[in-house]
Structure formats: structure tokens, C-alpha cells
S.K.: 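Take this structure first; my questions come after.
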Protein chains: 2
Amino acid sequence: MQETIEQKCISKGVKLTDQRKIIAKVMSESTDHPDVIELYKRVSKIESKISIATVYRTVKLFEEAGIITKHDFRGGKARYEELNESHHDHLIDIKTGEIIEFVDEEIEKLQKKVAEKYGYDLVDHKLELYGVKKKS
Amino acid sequence: MQETIEQKCISKGVKLTDQRKIIAKVMSESTDHPDVIELYKRVSKIESKISIATVYRTVKLFEEAGIITKHDFRGGKARYEELNESHHDHLIDIKTGEIIEFVDEEIEKLQKKVAEKYGYDLVDHKLELYGVKKKS
DNA sequence: GTAGATGCAAAGTATTTGCGACAAG
DNA sequence: CTTGTCGCAAATACTTTGCATCTAC
């Protein structure tokens, strides 16, 4: 079992308030990629007096601490996902909005190679595939 | 020589107003990836009474017509770029913000393969590499 | 002539922030 | 205790829109 968000907060010196614990729990239990409003809704079910400002502040904090990650998929709103040791990219169904996570070592390697070719060290990357389900 | 934005508008039945001609010209001459504010500034130098609402409406129109493309790089604002037959991805210097355009056929092929693996037809994709310039 | 485009300002979204009250370490 | 957090509402940033006027075709 890997470290929980709460444990990561402790090891990174992030103060753990009740609100943050709840947001951490909700993030951990989310298998999708919720935006702030969605997160706020889920959090509110557990503790209704958490304000949306706190949700915004907390996701930003967690992101800066490297605990969760932010995506700017199409649609304007930022969406978040727990970060764990297994990196992956996303395949997005443009009809249904469904998101499939995948990893392709070959692509990862090639990305590093491209960066090197231009004299860069690859720090991060974003790969999103947009597709439609095949008939067959 | 390839088709200009103006020519594309004509062939796609997009009405060509003076404002659109100016915005088209500015987009064509931009080798970077300007956001709407930047575009508005450049356009204003040529014709100062174009409103920012028109710039927003026009980039949206051009985007829907498949004439330019929109990027949501880090930093909140949408940025635009003329679309031409040569597809490419972006390598972004996280220190300076500089953007390098590149193509890697190998990666392109692998992306299609990944989509197929999950039963999808690849319609579009977004690949952004974030890096820092090497010392040496 | 007419459908669609423009300018302006007002309205929408998404997100951030100032501030007094409050809680974690 | 003291530093940092929370809730609230106001502020900001980016983008869209209603409406009267104007223009390309």
C-alpha cells in the first residue's frame, strides 16, 4: 500500500486541518478527475461548512507540494487527480468525456530524446489523446 | 506558397470584414503563440478601434472553421496559432517561456497505436514537453 | 436589402484575496 | 502563544453576450 495524501502532507510539513483531511480523503477516493466544483460538492456532503475558497486554496497547496496534479483538459475548468508513483497519460473520449489512463514507455523515452535533441532536460510533459470509440 | 487565412475564409464561406482581415493578417505574421490580449494589442496598432470582443469572437470563429488552433498552455490564458498543413507539438522552456515547435513521426505513430489498443480512432492529440535548458 | 458583424458595456465563469475570527503545533 | 488557516464576501481575470448600429455581399 502506498502513502496516503495525509501521510504525504505530514512528510512534507503541510499542516493538517480538518478541512484538509476531508479534501484529502475525497481526492483519494476519487477515481475520476474532478474539477473544483465537483470536489466541493463531494466535500460538502461530508462537512457542509467548508467553503469553496478553502477547496481552491487546498488544491493549489497540494499541487505545489506535489501531492496532486492539475489538468487543463478542454472545457475551461481545471481538474485534479492524485499523484502517485505510477505516471500515466490520458486518452479522452470526445463524445462521452470518458477518460482512460495509459502508459507507454516507448513514448516516454522518445519524449526525453526530443527534449535532448533541442538541448533541454525534460522536467515534465503532458500528453492527451482525443478519440472516438471504434464501431466494429 | 500555401493558402492565406483570408483565402481560407473565402473557401470556407466566412464573411471577410475589415476587422477579420486585420486579425487574419496579424495572426499570419505572428510566429509565436499570442493570447487574445496580445493579439488585441497588435491589432490595435493597425486599427485602434477594433474592440476586444471582436478579437474574441474572431479567434473563436477561426478556430471553429479550422483555420487557427487554440492551446491551453500553463498560465490560464488561451493562446492561438495559425493552423497549416504541417502539424507539430511544443517544447516549452519553463524558465523563459520560450516555445519550440517540433515533430516526431515516431511519437505520432505510437499515439495512434495506443488509441487503437483501447479501441479508439485518434482524432486529435496534444503533446507538450516542459523542460529547462541544459548547462553544458 | 438583409443577414450577419461590430462596439460597447454589462453579465458570466473560474479563481484569488483581504480581513477578522479561529485552530494546529 | 503564534503562525498559519478558515469562512465570507468582495475583487480579479478571462471570456461571453444583449442590443442598437453598421456593413459585406
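Here is the naming used below: chain letters follow the sequence lines, and residue numbers restart at 1 for every chain. Every heavy atom of this structure was used, including side-chain atoms; hydrogens, water molecules and symmetry mates were not.
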S.K.: May I ask you to evaluate whether Q19(B) reaches the phosphate of dT23(D), defined as a side-chain N or O under 4.0 Å from OP1 or OP2?
M.R.: no

S.K.: Mark yes or no for whether Q7(A), through its side chain, and T4(A), through its backbone, hold a donor-acceptor pair below 3.5 Å.
M.R.: yes

S.K.: Strictly below 4.0 Å: does T17(A) bring a side-chain N or O up to OP1 or OP2 of dG4(D)?
M.R.: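 No, outside the criterion.
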
S.K.: Enumerate the residue pairs fulfilling ring-ring contact (aromatic ring centres under 6.0 Å, His included) with a member in residues 75-100 of chain B, sequence neighbours excluded, ordered by first and then second residue.
M.R.: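 Every pair satisfying ring-ring contact (aromatic ring centres under 6.0 Å, His included) with a residue in residues 75-100 of chain B: H33(B)-H90(B), H71(B)-H90(B), F73(B)-H90(B), H87(B)-H125(B), H88(B)-H90(B).
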
S.K.: What residues from residues 36-58 of chain A pass a heavy-atom cutoff of under 4.0 Å to DNA chain D?
M.R.: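 By residue number: K49(A), I50(A), S51(A), A53(A), T54(A), R57(A).
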
S.K.: Residues of residues 9-16 of chain B with any non-hydrogen atom less than 4.0 angstrom from an atom of DNA chain D: list those, numerically ordered, please.
M.R.: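 Contacts with DNA chain D under 4.0 Å: K15(B), L16(B).
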
S.K.: Output the rounded distance in Å from CD1 (I22(A)) to P (dC6(D)).
M.R.: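 It works out to 11 Å between those atoms.
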
S.K.: Atom CG of D72(B) to atom C1' of dA13(D): distance rounded to whole Å?
M.R.: 15 Å

S.K.: Looking only at atom types and distance, does a side-chain atom of S28(A) sit under 3.5 Å from a main-chain N or O of A24(A), one as donor and one as acceptor?
M.R.: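 Indeed, once roles are kept as given, a pair shorter than 3.5 Å links the two residues.
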
S.K.: Is the closest basic N to carboxylate O distance between E47(A) and K49(A) below 4.0 Å?
M.R.: yes

S.K.: More than 12 non-hydrogen atoms from neighbouring residues, nucleotides or ligands closer than 6.0 Å to NZ on K21(B), yes or no?
M.R.: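 Above 12, so yes.
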
S.K.: Hey, could you give me each pair passing salt bridge (Lys or Arg N to Asp or Glu O under 4.0 Å) that has a residue in residues 101-123 of chain A? Not counting sequence neighbours.
M.R.: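 Of all non-adjacent pairs touching residues 101-123 of chain A, those that pass salt bridge (Lys or Arg N to Asp or Glu O under 4.0 Å) are E116(A)-K134(B).
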
S.K.: Students should find this one: the first and last nucleotides of DNA chain C, 5' to 3', lying under 4.0 Å from a heavy atom of chain A. What are they?
M.R.: dA14(C) to dG25(C)

S.K.: Considering all heavy atoms of both residues, which atom of I50(B) and which atom of Y40(B) are nearest to each other, and what is their separation?
M.R.: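 Between these two residues, the closest heavy atoms are O-CE1, 3.2 Å.
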
S.K.: Starting from the first five and the last five pairs of the helix from dG1(C)-dC25(D) to dG25(C)-dC1(D), work out the angle between the resulting helix axes, to 10 degrees.
M.R.: 50°

S.K.: Quick test of your reading of the model: are R42(B) and E38(B) salt-bridged, counting only N-O distances below 4.0 Å?
M.R.: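 So R42(B) pairs with E38(B) through a salt bridge.
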
S.K.: Give D35(A) one of three labels, base, sugar-phosphate or nothing, depending on what nucleic acid heavy atoms sit under 4.0 Å from its own.
M.R.: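 Nothing, no nucleic acid heavy atom in range.
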
S.K.: Treating S30(B) as the side-chain partner and D32(B) as the backbone partner, does any N or O pair qualify as donor plus acceptor under 3.5 Å?
M.R.: no

